[in-house]
Structure formats: C-alpha cells, structure tokens
Amino acid sequence: MATAAAGLHRTWRRSLQVRVVTITLVASSLLVGGFAYLVADNITNVVLDNADADVKGRLLDGQEYASEQLSNHTGPLEQGLKATFESTVNYLAGGDPAQLGGVVVALRAGRYERLGVSTATSPQVNVNGMLSKELREQVEGGSLASQIRTGDLFDKEPVKYLVYGSPVPTRFGQVELYYLVPLTRWDSIATGSRSTVLATGFALVVLLGLLAGLVTRLVVSPVRVAARTAQRLSAGLLDQRMVVNGEDDLAMLAASFNQMATNLQRQIVRLEEMSRLQRRFTSDVSHELRTPLTTVRMAADLIYAERDEFDPAVTRTAELLHAELDRFEDLLTDLLEISRFDAGFAMLDAEPTDLVPVVNRVVDRLESLARRCGVPLRAVVPDAPVIAEVDPRRVERILRNLVGNAVEHGAGQPVVVVLGVDDTAVAVTVRDHGVGLRPGEEKLVFNRFWRADPSRARQTGGTGLGLSISLEDARLHGGWLEAWGAPGEGAQFRLTLPARAGDRLTSSPLRLVPADAPVVANAADGWTVDLPAVGTGMGLLDQAGGEPVGATTTAGPPPAAPVGTAGPAAAPGGPGSASEGLVGPRRPADTGRSEASR
C-alpha cells in the first residue's frame with residue numbers, strides 16, 4: 001500500500017493531465033451527485049403524494065358508503081351486523097382484491113371488540129400487526145390518519161403498505177375503516193426514476209472526464225514535446241526543433257521556442273568557436289614561447305652565473321631576471337596543463353602508491369620556503385603505509401600547491417599537514433592559521449588567477465593557476481578538493497581521494513572544519529557547539545573509539561590553538577560552506593561517521 005501510495009503521489013505531481021482530469025471528475029461527481037439526489041428525492045415525493053391522494057380519495061368514498069350501509073343498525077349486538085361488515089368490505093375491495101392491486105380493506109369496531117364485534121377484512125387476512133397503536137388512537141379519536149408500514153399479509157414476502165384510516169359514524173357509535181394499499185408499483189416507479197437519474201449522471205461525469213482529458217491532452221502534448229526538445233537541447237543536440245502546426249497560441253509557443261533554440265545554437269556555436277580558438281591560441285602561444293624562453297634562459301643563466309663580476313646594479317638585475325624567468329617558466333607549464341584540461345586530453349596514470357612518503361617529500365621540499373617565511377611546518381602521518389590507487393605525480397602537485405599556498409598565507413603561524421585513511425578513501429588536510437577566508441571566498445579560491453588580497457606581496461611568485469590545476473587533478477581522480485576558512489581563524493584545505501581508482505566517494509576520513517576552531521551554526525539553527533582546541537599531542541583519531549593512532553611528526557614545533565569564532569563557512573553543508581570547491585557528489589563529507597570521530 002505504501003508503494004502504491006508513493007506511485008500515485010509521484011504520478012499526481014508529475015502529470016498535469018492526471019491532475020486536471022481528476023479534479024474535473026471529482027468536481028463533476030459532486031455536482032451531478034447533488035443534482036441527482038435532489039431529482040430522485042423530488043420524484044419519490046411526487047410518487048408518494050400521488051399514492052397518498054389516490055388512497056385518500058378511495059378512503060373518503062369508502063367512508064361514505066360504509067356509513068350508509070351501517071345506518072340501519074342501532075346497536076353493536078344486532079343480528080346481521082357482522083354480515084354487513086363483511087359485505088361492506090367486500091364491496092369496497094371490489095369483490096376481487098387482485099383487481100385493485102392487492103388492496104386490503106378492513107372495517108373495525110375497536111370500542112366494541114370486547115362485545116364480540118370482530119374486525120372484517122377483504123381479503124381475509126390478519127391486519128392487527130399492520131395497525132399501530134398510534135394510528136388506531138388517532139382514528140378512534142375521530143381523525144383521518146395514515147402511516148407507511150411493512151409487513152407480510154399473504155405469507156409471501158414483506159411488502160411496504162400505505163395504511164390509511166378514517167372514522168365511520170353510525171347510529172350506535174363510531175367504527176374505523178382502514179385501507180392498506182401496497183406501494184410496490186410506486187416503489188418500482190421511484191426506483192426506476194432514481195436509476196435513470198443516476199445512470200444519466202454517471203454517463204455525464206464520464207463524458208466530462210473524457211472531455212477534460214481530451215482538452216488537457218491538446219494542451220499538454222505540445223508542452224511535453226517542448227520539454228523533451230529542451231532536454232535534448234540541454235544534452236547538446238542543438239539541432240532539435242518543435243513542429244509548428246496551425247496559427248494558435250500553441251503554434252506561437254512552438255515558433256518562439258524554435259526561434260529561441262536557433263539563437264541559442266548560434267550563440268553557443270560562436271562561443272564554442274571562440275573558446276576553441278582561445279584554447280588553441282593559449283596552447284600555441286605556450287608552445288611557441290618555449291623556444292625563445294629556452295634561449296633567454298640560457299643567456300640569463302650565463303649572466304646569473306657571472307653576476308659577482310658585475311657592479312651591484314647589474315647584479316641585482318641579473319637576480320631579478322633569473323627569478324622572473326623561473327616564474328615565467330612555471331606560468332608556461334601551468335598554461336599548458338590548463339589547456340590540456342580544457343581540451344579534455346588530461347589522462348590519469350593511476351598506480352598503487354604509498355602516500356606517506358609523498359606527503360613527507362612535499363613537506364621536506366617546502367621546508368626551506370617555510371623557514372624563509374618564518375612558518376613552522378610539520379606533517380602528521382600514520383606509521384603504517386597508506387596505499388591508494390592514484391597518480392603520484394598529480395597528487396604530489398596538488399599537495400605542493402596546497403602546502404605552498406598555506407605557507408604563503410600562514411602569517412608566521414604553524415602549518416600542519418595531516419594524512420588520514422579509512423576503508424574506502426584517503427584524505428590529506430592542510431591547515432594554516434593565517435588571516436583566513438571571508439564568507440564566500442571559499443567559493444572563489446579555486447578560480448583561475450584569483451587572489452584573496454591582491455595588494456599583499458607574494459613570497460613564492462606563484463602563477464595564480466595552482467589551485468585551479470589542483471581542482472582539475474582531484475576531479476580527474478574522482479575525488480573532492482574542499483576549502484574552509486574564517487576571518488582570523490586561518491584556513492584548511494582537504495583533499496579526499498578514493499582508495500581504489502574508479503570508486504565513488506561517500507565520506508572522508510578527515511573532517512573539513514578543523515577541531516581547533518569553534519563552530520557557530522547559523523542563528524536560524526538555534527544551536528552552538530564549541531569544539532576543544534588541539535593540544536600538543538595531536539594525532540589521528542581512531543573512528544571506533546576516538547583514540548589517537550600512531551603518527552609521525554616532522555619539521556617544526558606543535559601548532560598553537562587559536563581561539564575565535566568561525567564564520568558562516570564553518571558550518572559543514574550550511575550556507576557559506578565550501579560546496580563550490582567540492583569535486584564529486586555535493587553532500588556533507590562527514591555523513592555516516594561516528595560521533596567520536598566527529
């Protein structure tokens with residue numbers, strides 16, 4: 001039943017035609033049902049009134065006849081009174097009750113029954129059960145009364161009777177005359193009328209439903225065609241068009257839709273051509289610049305090697321030339337890599353790789369830069385190998401970009417790199433305690449050439465493409481690259497990759513929001529959770545019981561635990577979260593994890 005109800009609800013929500021036809025059927029059923037009830041009730045009342053008038057007329061005539069026949073008797077004990085009773089009812093019944101449709105006539109002397117005056121009926125049946133006490137009391141009181149009673153007078157089946165009673169004055173007192181008229185014929189007339197009205201109403205409701213379905217289909221079919229055409233257009237089939245029939249409103253809709261699709265196709269083709277030319281231009285320029293750059297590099301290296309023999313101004317110029325050539329070379333490399341991603345030519349060379357030496361190697365290579373920037377840098381990795389099917393070159397490039405970016409923005413505060421693993425995924429977080437990110441900037445940090453503070457001097461001379469390339473590398477692995485940050489609380493980047501190439505990620509071994517940052521939910525949520533700061537014995541938490549597992553720490557002292565309030569980006573999955581930096585399914589990465597590990 002639940003499955004059927006869900007299917008009906010889904011059909012109701014998805015089908016405009018079903019909703020229109022259902023509403024039409026319900027409304028018309030109520031209207032026609034009410035009308036049929038009123039008509040049937042009116043017909044029943046008319047039939048009953050006709051039967052009542054007919055029986056009442058007979059009764060008045062019978063009353064006059066019976067009074068005339070009994071006027072010759074002066075007492076209830078006279079000889080022949082019983083015979084007069086019987087002859088009177090036989091005459092009023094017509095001699096043959098079948099000729100009057102089963103009418104039973106009864107003449108009763110209720111006041112004199114104790115004197116032996118019995119009730120006479122034609123035909124001879126027992127009518128005492130059909131004459132209620134209320135009816136007898138009204139007639140004995142001198143009033144004309146009627147009732148509808150149901151009974152079996154002829155030992156066949158219960159029949160509904162209209163019982164009419166009237167007082168008959170005589171010289172010795174009052175007797176009662178009763179007519180019991182079966183309503184079988186009248187009931188059949190009323191039932192036939194009601195059946196006709198109901199059948200007509202049902203046919204009318206069905207016709208209205210068919211008419212509503214037909215009219216709705218005429219309107220919904222072009223809309224469905226437009227929806228299917230729009231879906232094909234969105235899938236890239238830009239040559240799809242609607243068929244235009246006639247000159248009505250739906251034809252105008254189809255013509256307008258086709259015109260829109262034509263303009264959209266023309267614009268998309270133009271943009272694709274421009275994008276193709278731009279990518280080709282970037283690739284060609286990058287390749288063409290390689291040759292002169294190599295020549296300039298050779299000359300610059302020669303000058304840089306002999307810089308001590310020049311005067312100080314020329315020496316400084318040689319040093320600047322050498323540094324900018326390094327940056328220029330990195331920029332060309334990044335541009336070539338971006339052009340491969342844009343063209344869809346990037347390939348993943350996945351192989352089982354131990355990520356522990358990869359993380360340590362990245363930290364070791366950037367240690368000199370961290371020391372130059374005054375930023376303590378350390379790595380927290382498990383003692384056991386962490387094996388995953390990844391492209392080691394791309395993973396190392398991602399980590400190099402993340403760690404270098406953290407050192408660049410560390411503001412002299414510690415930077416911690418943590419490696420975690422579970423049954424399905426591996427993750428690396430890079431935590432800095434610098435100026436952090438303002439709300440909304442975690443959505444922009446992966447954009448090409450975007451900088452949080454363009455006025456601040458750079459230490460590493462980056463190209464502005466590192467995080468964009470890292471995002472593409474993570475997407476190529478089928479992983480996630482996410483960012484969290486809050487003003488004054490620093491930032492944390494998390495890379496999550498499937499342990500086996502091609503698997504789908506559902507959760508991450510490490511949390512995105514760092515444990516040393518208080519988490520303040522949106523005011524609308526109505527709750528606040530302050531997480532404890534990380535102490536000096538920082539390590540990975542076992543998911544089952546929350547116990548630290550073995551970890552290796554390199555390069556630098558333990559990080560300080562800054563105290564502050566995280567901004568809106570601190571609430572995972574909420575407004576301002578790093579959902580824009582998510583590669584893969586947009587769902588909270590901590591879903592399904594134990595409370596201890598959270």
Side-chain angles (χ1 to χ4, degrees), residues 1-60 100-103 130 132 134-135 138 144-153 156-165 179-224 246 248-250 253:
M1 291 179 64
T3 304
L8 291 176
H9 183 260
R10 184 167 55 252
T11 303
W12 173 267
R13 292 182 57 212
R14 293 183 177 180
S15 177
L16 175 63
Q17 186 174 9
V18 169
R19 290 201 300 271
V20 172
V21 172
T22 303
I23 293 173
T24 302
L25 288 175
V26 172
S28 60
S29 298
L30 294 176
L31 181 62
V32 173
F35 176 75
Y37 174 79
L38 293 176
V39 172
D41 185 67
N42 188 47
I43 291 175
T44 302
N45 292 333
V46 170
V47 170
L48 187 59
D49 291 341
N50 291 336
D52 186 88
D54 180 62
V55 177
K56 189 174 181 181
R58 293 186 187 184
L59 182 64
L60 294 177
L100 296 178
V103 176
M130 300 294 292
S132 66
E134 295 81 5
L135 180 64
Q138 291 183 19
L144 190 68
S146 65
Q147 278 186 344
I148 295 179
R149 304 278 291 177
T150 301
D152 182 10
L153 297 179
K156 293 182 179 180
E157 60 182 9
V159 178
K160 187 183 297 182
Y161 287 89
L162 175 59
V163 183
Y164 243 107
Y179 270 73
L180 289 78
V181 181
L183 298 178
T184 305
R185 183 167 62 92
W186 309 103
D187 262 351
S188 63
I189 295 174
T191 302
S193 301
R194 286 195 297 267
S195 300
T196 302
V197 171
L198 291 177
T200 304
F202 178 77
L204 181 60
V205 169
V206 172
L207 288 177
L208 287 175
L210 293 176
L211 181 61
L214 178 61
V215 173
T216 308
R217 183 180 181 84
L218 293 176
V219 177
V220 171
S221 294
V223 176
R224 290 176 177 172
D248 55 8
D249 295 337
L250 294 177
L253 172 64

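In this text, all values refer to a predicted model and were calculated from it rather than measured experimentally.
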Q: Does either side chain, that of Asn45 or that of Asp41, offer a donor lying less than 3.5 Å from an acceptor on the other one?
A: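 Side chains of Asn45 and Asp41: pair found under 3.5 Å.
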Q: Kindly compute the distance separating CG (Asp54) from CG (Leu162), expressed to the nearest 0.5 Å.
A: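 It is 9.5 Å, given to the nearest 0.5 Å.
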Q: I'd like to know if the side chain of Arg194 pairs up with that of Thr44 as donor and acceptor (distance under 3.5 Å, no hydrogens or angles considered).
A: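 Yes.
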Q: Would you call Leu59 and Leu144 a side-chain contact if the rule is heavy atoms closer than 4.5 Å?
A: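 When only atoms from C-beta onward are counted, Leu144 and Leu59 do touch, with a gap below 4.5 Å.
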Q: Can you tell me which residue among Val39, Leu38, Val32 is in a side-chain contact (heavy atoms from CB on, under 4.5 Å) with Val197?
A: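 Among the candidates, only Val39 passes.
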Q: So, are Asp52 and Lys56 salt-bridged, with charged N and O less than 4.0 Å apart?
A: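 Lys56 and Asp52: not salt-bridged.
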Q: How close do Leu135 and Ala145 get, heavy atom to heavy atom, and via which atoms?
A: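 Residues Leu135 and Ala145, closest heavy atoms: CD1-CB, 3.5 Å.
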Q: Keeping the roles fixed (side chain from Ser28, backbone from Leu25), state whether a donor-acceptor pair exists under 3.5 Å.
A: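 Here the side-chain-to-backbone pair exists.
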Q: Is there a side-chain contact between Ile148 and Leu183 in this structure, where contact means two heavy atoms from C-beta onward sitting under 4.5 Å apart?
A: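 SC-SC contact between Ile148 and Leu183 confirmed.
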Q: How close do Val219 and Val223 get, counting heavy atoms only, and between which atoms?
A: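 Closest approach of Val219 to Val223: O-CG2, 3.3 Å.
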Q: Which atom pair, heavy atoms only, marks the closest approach of Met130 to Gly151?
A: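 Scanning both residues, the minimum pair turns out to be SD-CA, 3.7 Å.
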Q: Mind checking the OH-CG spacing from Tyr37 to Asn42? Nearest 0.5 Å is all I need.
A: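 CG of Asn42 is found 11.5 Å from OH of Tyr37.
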Q: Side-chain contact test, heavy atoms from C-beta onward, threshold under 4.5 Å: evaluate it for Val103 versus Arg58 and give yes or no.
A: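 They are in contact (side-chain heavy atoms under 4.5 Å apart), so the answer is yes.
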Q: Closest heavy-atom contact between Val18 and Trp12?
A: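 Nearest pair, atom of Val18 first, then Trp12: O-CZ3, 4.5 Å.
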Q: How many angstroms lie between CZ in Arg149 and NZ in Lys160, if you round to the nearest 0.5 Å?
A: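 Atom-to-atom, Arg149:CZ and Lys160:NZ are 13.0 Å apart.
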Q: Looking only at non-hydrogen atoms, find the nearest pair between Pro182 and Tyr161 and report the distance.
A: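 Distance-wise, the nearest heavy atoms are N-CD2, 3.5 Å.
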